[in-house]
Peer 1: 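Input: one structure, supplied below.
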Amino acid sequence: MNIQVQSIAVLIARALMALIFILAGLGKIGALAATAAYMEAMRVPAILLWPTIAFEVGAGILVLVGYQTRIAAALLAGFCLATAALFHTQFGDQIQMIMFLKNLAMAGGFIVLAMHGPGRFSLDACRCKDRSHPAGS
């Protein structure tokens, strides 16, 4: 596979991985009371709702645009593992098992992204180019 195709594939992968977090965070804003009640039912303090929303939307946007991608991806991998352990361990329920495995799969994808970086079509790549070609050189 040539580099151009790989770069486009990584961009698409980042967008797909970021989309669920951006939409999930924005969706929680539209259902604050229900989300807070669900968190409390799962023994997670509802006071963490707004920080969770900020994290999901913010980290999702960072991955989407490819800025500080490795850090955001590593944090999102940890978030996926934590939420799998906190919210999806009722393995007798097939939906919860699927959600648990979905979170593990997303964590795996974010670990790969954290290790390999965001690719050529990212703000991180632009920043690296700027550093290697200082103005006036």
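As a basis for the values below, the full set of heavy atoms in this structure was taken, side chains included, without hydrogen atoms, waters or symmetry mates.
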Peer 1: Could you give the distance from CD (Q96) to CD (Q90), rounded to the nearest 0.5 Å?
Peer 2: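 Answer rounded to 0.5 Å: 5.5 Å.
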Peer 1: Does any non-hydrogen side-chain atom of Q4 lie less than 4.5 Å from one of R120?
Peer 2: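 R120 reaches Q4 side chain to side chain.
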Peer 1: Identify the two heavy atoms, one from T69 and one from P118, that lie closest to each other, and give their separation to 0.1 Å.
Peer 2: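 Looks like OG1-CB, 3.4 Å.
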Peer 1: Checking side-chain contact (heavy atoms from CB on, under 4.5 Å) for the pair N103/F87: CA distance, chi angles, key distance, verdict?
Peer 2: CA-CA 10 Å; N103 278 30; F87 294 101; over 6 Å; no
Peer 1: Could you state the interatomic distance from OG (S7) to CG (N2), rounded to the nearest 0.5 Å?
Peer 2: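 Answer rounded to 0.5 Å: 8.5 Å.
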Peer 1: Going through the distances and angles, do L32 and I53 end up as a side-chain contact (heavy atoms from CB on, under 4.5 Å)?
Peer 2: CA-CA 10 Å; L32 288 172; I53 291 169; 3.9 Å; yes
Peer 1: What are the two closest non-hydrogen atoms of A72 and A59, and how far apart are they?
Peer 2: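 Shortest heavy-atom separation between A72 and A59 comes out as CB-O, 4.2 Å.
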Peer 1: Identify whether M115 and L11 are in the same connected component of the hydrophobic contact network (ILVMFWY, side-chain heavy atoms under 4.5 Å).
Peer 2: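 Shared cluster, no.
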Peer 1: What is the minimum heavy-atom distance between C80 and T83, and which atoms define it?
Peer 2: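 For C80 versus T83, the nearest heavy atoms are O-OG1, 3.2 Å.
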Peer 1: Kindly indicate whether the side chain of V63, heavy atoms from C-beta on, has any atom under 4.5 Å from the side chain of F21.
Peer 2: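 Contact flag for V63/F21 side chains = no.
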Peer 1: Determine whether W50 and I61 fall in the same hydrophobic cluster, where Ile, Leu, Val, Met, Phe, Trp and Tyr are linked whenever their side-chain heavy atoms lie under 4.5 Å apart.
Peer 2: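 As far as the 4.5 Å side-chain criterion goes, I61 and W50 are connected within one cluster.
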Peer 1: Membership question, hydrophobic clusters at under 4.5 Å side-chain separation (ILVMFWY): are I98 and M17 in the same one?
Peer 2: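 No, because M17 and I98 fall into different hydrophobic clusters, even though each may have its own neighbours under 4.5 Å.
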Peer 1: If I compare all heavy atoms of A114 with all of A73, which pair ends up nearest, and what's the gap?
Peer 2: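 Result for this residue pair: N-CB, 3.8 Å.
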Peer 1: If you group Ile, Leu, Val, Met, Phe, Trp and Tyr by side-chain heavy-atom gaps below 4.5 Å, do I22 and F79 land in one group?
Peer 2: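 I22 and F79: separate clusters.
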Peer 1: Rounded to the nearest 0.5 Å, what separates atom NZ in K102 from atom CE in M99?
Peer 2: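 Atom-to-atom, K102:NZ and M99:CE are 4.0 Å apart.
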Peer 1: Any chance you could measure L123, atom CG, to Q68, atom CD, to the nearest 0.5 Å?
Peer 2: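 Result: 10.0 Å between the selected atoms.
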Peer 1: At their closest point, which heavy atom of M39 faces which heavy atom of T52, and how far apart are they?
Peer 2: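 Between these two residues, the closest heavy atoms are CE-OG1, 4.4 Å.
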Peer 1: Judged by atom type as modelled, is there a donor-acceptor pair below 3.5 Å linking the side chain of D124 to the main-chain atoms of G117?
Peer 2: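 Flag not set: sc D124 to bb G117 has no pair under 3.5 Å.
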Peer 1: Which value, rounded to the nearest 0.5 Å, describes the distance between M106 atom CE and L101 atom CG?
Peer 2: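 Reported value, rounded in 0.5 Å steps: 11.5 Å.
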Peer 1: Walk me through whether F121 and I8 qualify under side-chain contact (heavy atoms from CB on, under 4.5 Å).
Peer 2: CA-CA 7 Å; F121 301 125; I8 292 170; 3.8 Å; yes
Peer 1: Once you round to the nearest 0.5 Å, how far does CD of E40 lie from OG1 of T35?
Peer 2: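 The OG1 atom of T35 is 12.0 Å from CD of E40, to the nearest 0.5 Å.
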Peer 1: Using side-chain contact (heavy atoms from CB on, under 4.5 Å), reason through M42 and L86 one step at a time and then give a plain yes or no.
Peer 2: CA-CA 7 Å; M42 303 307 284; L86 290 170; 5.9 Å; no
Peer 1: If Ile, Leu, Val, Met, Phe, Trp and Tyr residues are connected whenever their side-chain heavy atoms lie under 4.5 Å apart, and connections chain through other members, are F110 and L81 in the same group?
Peer 2: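 Result: no, two separate clusters.
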Peer 1: Under 30°, 30 to 60°, or over 60°: which ring-plane class applies to F91 and F100, parallel, tilted or perpendicular?
Peer 2: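 Judged by the thresholds at 30° and 60°, the geometry between F91 and F100 is perpendicular.
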Peer 1: Do you know which two heavy atoms are closest between R14 and S122, and how far apart they sit?
Peer 2: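 What the structure gives for the nearest pair is NH1-CB, 3.8 Å.
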